[in-house]
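Predicted model, so just to flag it, every value in this text is computed and none were measured. What's counted below: heavy atoms across the whole structure, side chains too, no hydrogens, waters or symmetry copies.
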Amino acid sequence: MKWLLTVPAGLGLGELAAGLSAVGATLLDVDPVPLGDGEMVVQAEGPADLGARVAGLGIPVKVHPSSEFDLGP
């Protein structure tokens, strides 16, 4: 399952990738998208319960399901 993860802008991607790997997820090789409030969004792939799994990592992560965009006809 693909996920969008909102994390602090200063968080190292290596640290995040290691934490995700420990809970069975993978950080996707896509550039982070900066947000105006000191956060960034990265993409990951992992199990359906990823939100619960990352809660124990001690890293502030907001987990949201990702979906394909449909621009319509």
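When all heavy atoms of P32 and P34 are compared, the closest pair comes out as O-CD, 3.6 Å. Residues P8 and P60 approach most closely at CD-O, 3.3 Å, considering heavy atoms. Between R53 and G24, the shortest heavy-atom distance links the atoms NH1-CA, 4.4 Å.
Hydrophobic clustering, defined by side-chain heavy atoms of Ile, Leu, Val, Met, Phe, Trp and Tyr closer than 4.5 Å, groups V54 together with M1, W3, L5, V7, L11, L13, L16, L20, V23, L27, M40, V42, L50, L57, I59, V61, V63.
For T6, the side chain to side chain contact (heavy atoms under 4.5 Å, CB included) partners two or more places apart in sequence, or in a different chain, are L35, E39, V41, K62, H64. When the side chain to side chain contact (heavy atoms under 4.5 Å, CB included) test is applied to Q43, the partners found at least two apart in sequence or on another chain are L4, L28, V30.
The 12-atom threshold is not exceeded at CG of D31, counting heavy atoms of other residues, nucleotides or ligands nearer than 6.0 Å.
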